[in-house]
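Worksheet: one structure, shown below.
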Amino acid sequence: MSNWIFVMTGNNADFLTRASSGKWPIFKRTVNRNELEKGDNVIFYLGGSNNKKIMGHAVVGSGLEVNGDEFTVDLSDVHIFDKPILMSSILESLMFIRNKKNWGAYLQGGVVRLQKKDYVTILSKKNS
């Protein structure tokens, strides 16, 4: 089982529509798309100039599904945080972000691998 951050830009409504649909789009050039497996853990990150926050978590409910040029994975056990976690509030605790000044570079590619320790750290902050 692997841990991932699914990265998207947009607004809260865009995120809620995507997360509640039960399917997450994976784009053709998405890094790590072929590594996703049923049972993997996912953290949702909403980026963009007005966001930069962790919105919730889920479990990948299927392997990569291909329909022509479109790719998706099913989501299960989707949990949306009542209060999103600002990325700036947890940066210092995350091991996968080595350069804290240029941390946005670590969230590029759409699907980012996350070590177990960082996954647990993020989830531990959801009620802080």
Side-chain angles (χ1 to χ4, degrees):
M1 175 179 22
S2 297
N3 303 295
W4 306 98
I5 297 180
F6 282 8
V7 179
M8 72 169 283
T9 56
N11 59 41
N12 288 359
D14 296 334
F15 165 74
L16 291 171
T17 298
R18 187 181 288 188
S20 63
S21 74
K23 288 211 177 275
W24 193 267
I26 306 291
F27 300 100
K28 186 175 184 177
R29 292 194 170 131
T30 298
V31 178
N32 296 315
R33 73 181 167 101
N34 293 319
E35 305 297 321
L36 297 170
E37 295 182 358
K38 183 177 181 177
D40 287 353
N41 295 311
V42 175
I43 297 286
F44 298 116
Y45 172 77
L46 180 60
S49 60
N50 295 323
N51 294 307
K52 301 177 183 158
K53 53 193 172 187
I54 305 290
M55 301 295 290
H57 63 99
V59 174
V60 175
S62 70
L64 188 68
E65 297 173 0
V66 181
N67 185 4
D69 286 340
E70 297 180 11
F71 305 89
T72 59
V73 291
D74 290 338
L75 299 175
S76 63
D77 299 324
V78 176
H79 298 276
I80 309 300
F81 297 154
D82 291 332
K83 183 179 176 188
I85 303 167
L86 294 177
M87 197 64 167
S88 60
S89 72
I90 61 172
L91 277 177
E92 294 301 321
S93 304
L94 299 175
M95 294 174 33
F96 84 101
I97 298 177
R98 293 182 233 27
N99 182 341
K100 307 301 186 194
K101 290 182 181 177
N102 295 315
W103 60 270
Y106 295 89
L107 293 167
Q108 294 180 352
V111 174
V112 178
R113 186 177 296 277
L114 194 59
Q115 297 297 322
K116 177 80 170 178
K117 183 173 182 177
D118 284 339
Y119 177 81
V120 170
T121 296
I122 292 169
L123 288 186
S124 74
K125 304 294 183 183
K126 71 181 178 180
N127 293 324
S128 299

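All heavy atoms count here, side chains included; hydrogens, waters and symmetry mates do not.
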For E65, enumerate each residue passing the salt bridge (Lys or Arg N to Asp or Glu O under 4.0 Å) test, keeping only those at least two apart in sequence or located in another chain. K23
Count the heavy atoms belonging to other residues, nucleotides or ligands that lie under 6.0 Å from NZ of K100, then report whether that count exceeds 12. yes
Check whether any side-chain heavy atom of K52 lies under 4.5 Å from a side-chain heavy atom of W103, and answer yes or no. yes
Does a side-chain heavy-atom distance below 4.5 Å link L91 with I97? yes
Rounded to the nearest 0.5 angstrom, the CE-CD1 distance for M87 and I54 is 4.5 Å
Side-chain contact, heavy-atom cut-off 4.5 Å: Y106 with R98? yes
Enter the distance from L123:CG to N3:CG here, rounded to the nearest 0.5 Å. 9.0 Å
Compare every heavy atom of G39 with every heavy atom of M1, then report the nearest pair and how far apart it is. SD-O, 3.1 Å
With the side chain counted from C-beta on, respond yes when I122 and I90 share a heavy-atom pair under 4.5 Å apart, and no when they do not. yes
Would you give the length of the straight line joining atom CG of D40 to atom CZ of R113, rounded to the nearest 0.5 angstrom? 8.0 Å
Please give me the minimum heavy-atom distance between S76 and A58, naming the atom from each residue. O-CB, 3.6 Å
Value for CG (D69) from CZ (F27), rounded to nearest 0.5 Å, stands at 12.5 Å
Approximate separation, where rounding is to 0.5 Å, of K116 NZ and M95 CE: 13.5 Å
Would you say the side chain of V59 lies within less than 4.5 Å of the side chain of N41, judging by non-hydrogen atoms? yes
Report yes if the side chains of Y45 and N51 come closer than 4.5 Å at any heavy-atom pair, otherwise no. no
Taking the side chain as every heavy atom from C-beta outward, state whether P25 and R18 have any pair of such atoms under 4.5 Å apart. yes
What heavy-atom pair brings G10 and D14 nearest, and what distance separates the two atoms? CA-OD2, 3.5 Å
Take a 6.0 Å sphere around CG of D82 and say whether it holds more than 12 heavy atoms from other residues, nucleotides or ligands. no
Other hydrophobic cluster members with W24, side-chain heavy atoms of Ile/Leu/Val/Met/Phe/Trp/Tyr under 4.5 Å, chained? W4, F6, M8, F15, L16, I26, L36, V42, F44, L46, M55, V60, L64, V66, F71, V73, L75, V78, I80, V111
Within the structure provided, determine whether H57 and Y119 are in side-chain contact (heavy-atom separation under 4.5 Å). yes
